[in-house]
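Notes follow the structure.
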Protein chains: 2
Amino acid sequence: MTEQKKDSLKKPLSRREMLKLTGVAGLGLLLGGGGASGLMALGRKSSLAALAETTPDKALPFYGKHQAGIITPAQDFICFAAFDVTAGSADDLRRLFKNWTAASAAMAAGEMIGEHNTTLNTPPTDTGEAAGLTPSRTTLTFGVGPSLFDGRFGLQGRKPKGLRDLPAFTGDALDPQWCGGDLCVQVCADDMQVAFHAIRNLARIARGHAVLRWTQEGFQRTGRADPAGGTPRNLLGFKDGTGNPDPTDAVLMDQTVWAQPTDGPGWMAGGSYMAVRRVRMRVEVWDRSTLKDQEATFGRHRDSGAPLGSRGEFDPVDLKAKSADGQPIIPATSHLRLAKGDGSQQILRRSYSYSSGLDAKTGQLDAGLLFISYQRDLEKQFIPIQERLAKSDKLNEYTVHTGSAVFACFPGITNGGYIGDALI
Amino acid sequence: MTEQKKDSLKKPLSRREMLKLTGVAGLGLLLGGGGASGLMALGRKSSLAALAETTPDKALPFYGKHQAGIITPAQDFICFAAFDVTAGSADDLRRLFKNWTAASAAMAAGEMIGEHNTTLNTPPTDTGEAAGLTPSRTTLTFGVGPSLFDGRFGLQGRKPKGLRDLPAFTGDALDPQWCGGDLCVQVCADDMQVAFHAIRNLARIARGHAVLRWTQEGFQRTGRADPAGGTPRNLLGFKDGTGNPDPTDAVLMDQTVWAQPTDGPGWMAGGSYMAVRRVRMRVEVWDRSTLKDQEATFGRHRDSGAPLGSRGEFDPVDLKAKSADGQPIIPATSHLRLAKGDGSQQILRRSYSYSSGLDAKTGQLDAGLLFISYQRDLEKQFIPIQERLAKSDKLNEYTVHTGSAVFACFPGITNGGYIGDALI
């Protein structure tokens, strides 16, 4: 047998082909015993079709008007990576973006990268750890940081006005190992191995053009552990994201999340600005404070997520309500009150919890929140909110911001185009 | 309203009670559109019952003949923690084990810890981040390291013969930050937030008695991304665990995993010895090697997992097979050949992949395998295998062992008893 023939025998099945072969077994597993026999009445075909439509494992489109991963309902996991570009020219950078585009489209679809080019005598075109796995709603969201516009690529004149490193906020304790970056990729998926696979392959493909600067893995409760899909809780035990603007409200999203053509520059129209903060939570200190203190800190009840004094998580927030002794029921220094302000600034939060072992210096858990928000304008939205919080938020007793970056996330990529093609 | 009354209104629902309230909504979400209407024919009750029986989110028993988490089919996530005991006496240590027992039983059942003791004016008895989540097949597996028998607790005479730090293996590059520990807890669950919650609460409860020494989070592909439930792949893209002994074979488990009464000491009968190694994978180097080299390194085909020269993952391993040129088809230095040896030593592997950001020194991904194996006897099983591998395994070009520990994991806990009650 020739080497070539051996190769073709070994050509990997695409992740989807594998899935087709295992689909029926998969259904059996999911519905098992009573469920499977009960479903017989429906006929196998229709029940399979129903499942295929409704399992949350399907592929999300990579191409579109906006990048996926911004208003997309949050997946269970994130692998976030910031890169520094080492390529010498705009041409090299463009080549990287093109290579990333092809790989990203394949990964979002749950396919192996470049599978038809795999031979025994070359390194695999896909590292393989996601072989056979579902697309898992993978999204890959790309952005560029302020440092990309420093002159290396002739982009000085195209830098968005508001894209610059965040001001130093009161209490910041930033560590350069979790700050900045020329580029970022936010990979989210309902499977951690699938998300890791994406970052690892993008880093592999970038060799010679860009190197990893920092990464952070994160998680939310899985959809499976919370089948009703309530607001996820952060590691302080409180629901996080209740006050988010409704991502299905297209008008509101245009007002708060998507950069508009009139905002300038043109290449960002339909994109969004990302703020990312690595917020360590001093969980050991938090765990020693009373439930009353904890609820006063957030301004919400822990169990229900309701604003203090209310019953339901989504009850309107009444900042004017006072208790019998004349004190505001939602305290002046509570996170809720300060984050809300006069309500004129809104941001779309899309955060994940992280747990990264122990802090070598203190021996305490290095765990917390990888805070990510998207907004149309950093200076009008994220910065004033964070200034209020940094100054007075009672939550600051229990948190410390160790990482920080901002990125201009491109508008959507059209099929046939490539990441950042309006910019470079 | 008195403070006390307010408290009782705020008493948290148990995680299960919350679940009951949301069960119907959860079903709607899971089966959605076509699925839900199709299922109407079955009647809501029977379909709910079928789901309840078959979802993999149910509680696994905490009490039993053996500890759960050893021969239990691997859950999707691990949070592993090693503790150092700071308590001064055997009584204190016993108290810690008793407190851990009550909390662990609650967490395995998906219940809030000590929920009836929660008041507004004390720190919560449960940190809350798993509230409302399913039990997610949580297991908590406890063990003691060699250092616990150093005389602090009068246990010198009760130390198992084979329980000592592993010998230095060729190529070891151990970092004290990931080595040793007086105690260990292996928490596994199908949800990362649920697993984190367990370690965090055990550390909280241990305050004054024990402190975290090291922790490591890990993951496998989720069951949802791999509905057919194949052998998981490691981060080098190869299936890992194909050759594991069958955990449903009780005779084999007695031979290979469970310490027997005749092995001594008596308190370990029904327990098992754990070896844990933090194995960093040099993925960047691996990704530059050819598929042929990679397959020769493992001795298996990447896609199928079959031994080289065979077709099926579970085909018998023929170490004597030679190619036309007289060379062994499964190379002498392949991981498969060296791990198998003459087949007389078997271990039960239960490993997870990890991804812990970047290595600050090299800027490369700190990712790899949290290798865990269970065996009846470390000296007769794990050590000879690892000696062979350390000396000759071609995989050593791509891996480096950075952490190491061994623990004697107790036999099962009986309802009414407590962790380690046969020892202390």
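Chain letters run A, B, ... following the sequence lines, proteins first, then strands; residues in each count from 1. Side-chain atoms are counted along with the backbone in the values below, which use heavy atoms only and exclude waters and symmetry mates.
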- prompt: Out of B/Val283, B/Asp287, B/Thr215, which one racks up the most heavy-atom pairs below 4.5 Å with chain A?
  reply: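 Going by pairs under 4.5 Å, I would pick B/Asp287.
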Strictly distance-based, threshold 3.5 Å: is any side-chain N or O of [X] a donor or acceptor partner for the main-chain N or O of [Y]?
{"X": "B/Arg233", "Y": "B/Asp303", "value": "yes"}
{"X": "A/Asp366", "Y": "A/Asp359", "value": "no"}
{"X": "A/Glu295", "Y": "A/His301", "value": "no"}
{"X": "B/Ser136", "Y": "B/Asp191", "value": "no"}
{"X": "A/Arg302", "Y": "B/Thr127", "value": "yes"}

Does any non-hydrogen side-chain atom of [Y] lie less than 4.5 Å from one of [X]?
{"X": "A/Val187", "Y": "A/Phe80", "value": "no"}
{"X": "B/Leu236", "Y": "B/Met281", "value": "yes"}
{"X": "A/Arg311", "Y": "A/Ser304", "value": "no"}
{"X": "B/Asp84", "Y": "B/Arg213", "value": "yes"}

Less than 4.5 Å to any heavy atom of chain B: does that hold for the side chain of [X], its backbone, both, or neither?
{"X": "A/Trp178", "value": "neither"}
{"X": "A/Phe77", "value": "side chain"}
{"X": "A/Leu235", "value": "both"}
{"X": "A/Glu284", "value": "backbone"}
{"X": "A/Arg207", "value": "side chain"}
{"X": "A/Ala367", "value": "side chain"}
{"X": "A/Gln364", "value": "neither"}
{"X": "A/Thr222", "value": "both"}
{"X": "A/Arg288", "value": "both"}
{"X": "A/Ser355", "value": "both"}
{"X": "A/Asn201", "value": "neither"}

Part of B/Leu365 within contact of chain A (heavy atom distance under 4.5 Å): side chain
message: Using a 4.5 angstrom heavy-atom cutoff, name the option from A/Arg204, A/Gln220, A/Gln193, A/Gln216 with the most pairs to chain B.
response: A/Gln193
query: What residue in A/Cys79, A/Ser289, A/Pro123 has the most heavy-atom pairs under 4.5 Å with chain B?
result: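 The option with the most such pairs is A/Pro123.
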query: Pick one: which of A/Asp175, A/Leu369, A/Thr402 meets side-chain contact (heavy atoms from CB on, under 4.5 Å) with A/Arg278?
result: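 Result for side-chain contact (heavy atoms from CB on, under 4.5 Å) with A/Arg278: A/Thr402.
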